[in-house]
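One structure is given below, encoded as structure tokens.
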Amino acid sequence: MSRQAGRSTCPGTPRREPWPAPATALGLPLGTLIGHADWHITLWVVAGIGLLTATGIAVGLPRVTLPAASLPDRLRPLKQGRVLALLAVTSLASLGAFTLYTYVAPALRDATGDNESLLTLILLAWGVGTLAGNMTAGRLVDRHDSARVLTGTLALAALALALTPLATRALASTLIWATVWGVTVGVVVVPQQHRLIALSPAAAPILLGLNSSTLYIGVALGGGFGGLAQEWFGLAPAELGLVAAGVTVLTLLWHLGTTRRPAAPAPVTPAPTSANP
């Protein structure tokens, strides 16, 4: 994430966690390209990178001792209605995006003609858009109200998803569509993190952890929901864009409901602070 994206208007808060945009921009298209030749190679590459990363962490990072937080402490924020409402926005936005993205290869068959190189190019465009959105999000949130940034992003995402059946008929239009949609995916996480930190800066580590968890719950549910939508309604993969747009519109409506609630910080239990870095 950019330096701007790491800033916060709440003094003393930790750095916000980014969506894994570099991995999205490079890892997904490269994995698709390598996996087409031999998916075993993809898994060996992932294992090798994981081993290299573990070695770098063990050798290069200083030892840090942190007080342990109990499970009740980690779950206590979930008792707060406003926290749950904001986490639901994260999960629903992710569900909407991955209702289509899980099946993106068959959805783009008209544009790619089952050509793996073209699919890789489109996924790269989507990943670069995600990276650009993530880098831009910090500046937007620093300069504008985070709720308004999220409102505009969800509206643009719903429009892009609704245009999926039309925009993915040709390669050129698909590349533009993928980039725009990727930007919206990259933006969503940062204003959500900013809004959660604003509720209780002292509990930011726990709130950000919960936000990441709900994001990946949405990823898992999106894949299942997209599969069920195809089975129940006989939809073509590209038509999942309409379903994803519907979910994103519902997310936008829910989000607008959360902006009408009082913005006073919720009494969330602070997370333990670091010691002995």
Side-chain angles (χ1 to χ4, degrees), residues 1-2 4-10 12-24 66 69-99 101 130-131 133-138 140-142 145-151 153-154 157 184-223 247-248 250-252 254-259 261 263-274:
M1 188 168 69
S2 69
Q4 284 284 86
R7 293 167 53 191
S8 172
T9 55
C10 302
T13 57
R15 182 181 180 89
R16 286 171 278 183
E17 297 177 355
W19 173 269
T24 302
L66 297 175
S70 66
L71 182 61
D73 287 338
R74 295 179 184 277
L75 298 181
R76 190 167 290 118
L78 296 178
K79 296 180 180 180
Q80 304 296 328
R82 183 152 176 80
V83 171
L84 286 174
L86 292 182
L87 291 177
V89 174
T90 299
S91 190
L92 286 171
S94 179
L95 190 156
F98 280 82
T99 293
Y101 189 81
T130 303
L131 179 61
N134 193 256
M135 295 177 66
T136 305
L140 291 174
V141 168
D142 286 339
D145 178 68
S146 56
R148 291 184 178 180
V149 172
L150 189 57
T151 298
T153 301
L154 290 174
T184 65
V185 173
V187 169
V188 166
V189 177
V190 175
Q192 278 295 94
Q193 292 173 338
H194 186 272
R195 297 174 76 198
L196 286 165
I197 289 174
L199 289 180
S200 180
I206 290 178
L207 291 174
L208 293 180
L210 290 172
N211 191 57
S212 294
S213 298
T214 55
L215 187 151
Y216 287 106
I217 288 174
V219 170
L221 293 177
V247 174
T248 305
L250 291 177
T251 307
L252 175 59
W254 179 270
H255 158 66
L256 292 175
T258 67
T259 63
R261 301 186 182 188
V268 181
T269 302
T273 55
S274 10

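Model, not experiment: these values are computed from the prediction.
Taking every heavy atom of both residues into account, A157 and T248 meet most closely at CB-CG2, 4.1 Å. Residue S94 comes nearest to G218 through the heavy atom pair OG-C, 3.5 Å, listed as atom of the first residue, atom of the second, then distance. Pairing each heavy atom of P201 with each of A198, the nearest pair is CD-O, 4.2 Å. Here the closest heavy-atom approach between residue A88 and residue W254 is recorded as CB-NE1, 3.7 Å. Minimum heavy-atom separation, V187 to G133: CG2-O, 3.4 Å. Nearest heavy atom pair, residue T214 against residue S91, reads O-OG, 3.3 Å.
Between L196 and L87, the closest side-chain pair of non-hydrogen atoms falls below 4.5 Å. Side-chain contact between L250 and L92 is absent, with no heavy-atom pair separated by less than 4.5 Å. The shortest distance between side-chain heavy atoms of L208 and I197 falls below 4.5 Å. Contact annotation: the side chain of V190 never approaches that of V149 to less than 4.5 Å [non-hydrogen atoms, C-beta and beyond].
Distance check: L215 CG to L95 CG gives 11.0 Å after rounding to the nearest 0.5 Å. Atom NE2 of residue H194 and atom CG of residue L140 lie 12.0 Å apart, to the nearest 0.5 angstrom.
With H255 contributing its side chain and A147 its backbone, the two residues share a donor-acceptor pair below 3.5 Å.
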L256 vs L252, side-chain contact (heavy atoms from CB on, under 4.5 Å): CA-CA, chis, key distance, verdict: CA-CA 6 Å; L256 292 175; L252 175 59; 4.2 Å; yes
Would you check, one step at a time, whether the test side-chain contact (heavy atoms from CB on, under 4.5 Å) holds for L199 with L86? CA-CA 10 Å; L199 289 180; L86 292 182; 3.7 Å; yes
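Evaluated for a side-chain hydrogen bond (donor to acceptor under 3.5 Å, both in side chains) with R195, the options T90, T258, D145 yield exactly one hit, T258. Only one option out of L207, N211, V188, V141 pairs with Q193 in a side-chain contact (heavy atoms from CB on, under 4.5 Å); it is N211.
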